[in-house]
Amino acid sequence: MVQEAEYGLMLWDGKSRGTLMNAVGLIRRGRPLVLYVASTRFFLTLRQPAS
């Protein structure tokens with residue numbers, strides 16, 4: 001999935017490793033991601049890995 005995606009929208013329960021690994025894969029490839037973290041009811045917009 002990560003190889004084909006141009007951007008991501010993911011809903012994460014704070015537990016699923018699969019969702020987390022897909023999110024990391026997108027960020028490593030420099031693709032934008034909006035991640036909803038259900039446990040905190042918070043949206044994160046990520047675009048690049050931390051330096």
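Both backbone and side-chain heavy atoms feed into the values below; hydrogens, waters and symmetry mates do not.
Note that CG of D13 is 11.5 Å distant from OH of Y36, once rounded to the nearest 0.5 Å. If you take CG on L35 and CH2 on W12, they are separated by 7.0 Å, rounding to the nearest 0.5 Å.
Side chain of N22 to backbone of G25: no donor-acceptor contact under 3.5 angstrom is found. Within the 3.5 Å criterion, the main-chain N or O of V24 finds no donor-acceptor partner in the side chain of R29. In this structure, the side chain of R31 engages the main chain of A5 through a donor-acceptor pair within 3.5 Å.
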Full working for side-chain contact (heavy atoms from CB on, under 4.5 Å) between V34 and L44: CA-CA 6 Å; V34 175; L44 296 172; over 6 Å; no
Might you work through the side-chain contact (heavy atoms from CB on, under 4.5 Å) test for R47 and T45, ending with a clear yes or no? CA-CA 7 Å; R47 291 186 177 84; T45 301; 3.6 Å; yes
Could you walk me through whether M10 and L20 pass the side-chain contact (heavy atoms from CB on, under 4.5 Å) check? CA-CA 9 Å; M10 298 182 187; L20 184 58; over 6 Å; no
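In Q3, the CD atom is crowded: over 12 heavy atoms of neighbouring residues, nucleotides or ligands sit closer than 6.0 Å.
Hydrophobic cluster membership is shared by V37 and I27, with clusters built from Ile, Leu, Val, Met, Phe, Trp and Tyr side chains linked at under 4.5 angstrom.
Summarising the geometry of A23 relative to L33, their closest heavy-atom pair is CB-CD2, 3.5 Å, with the distance given to 0.1 Å.
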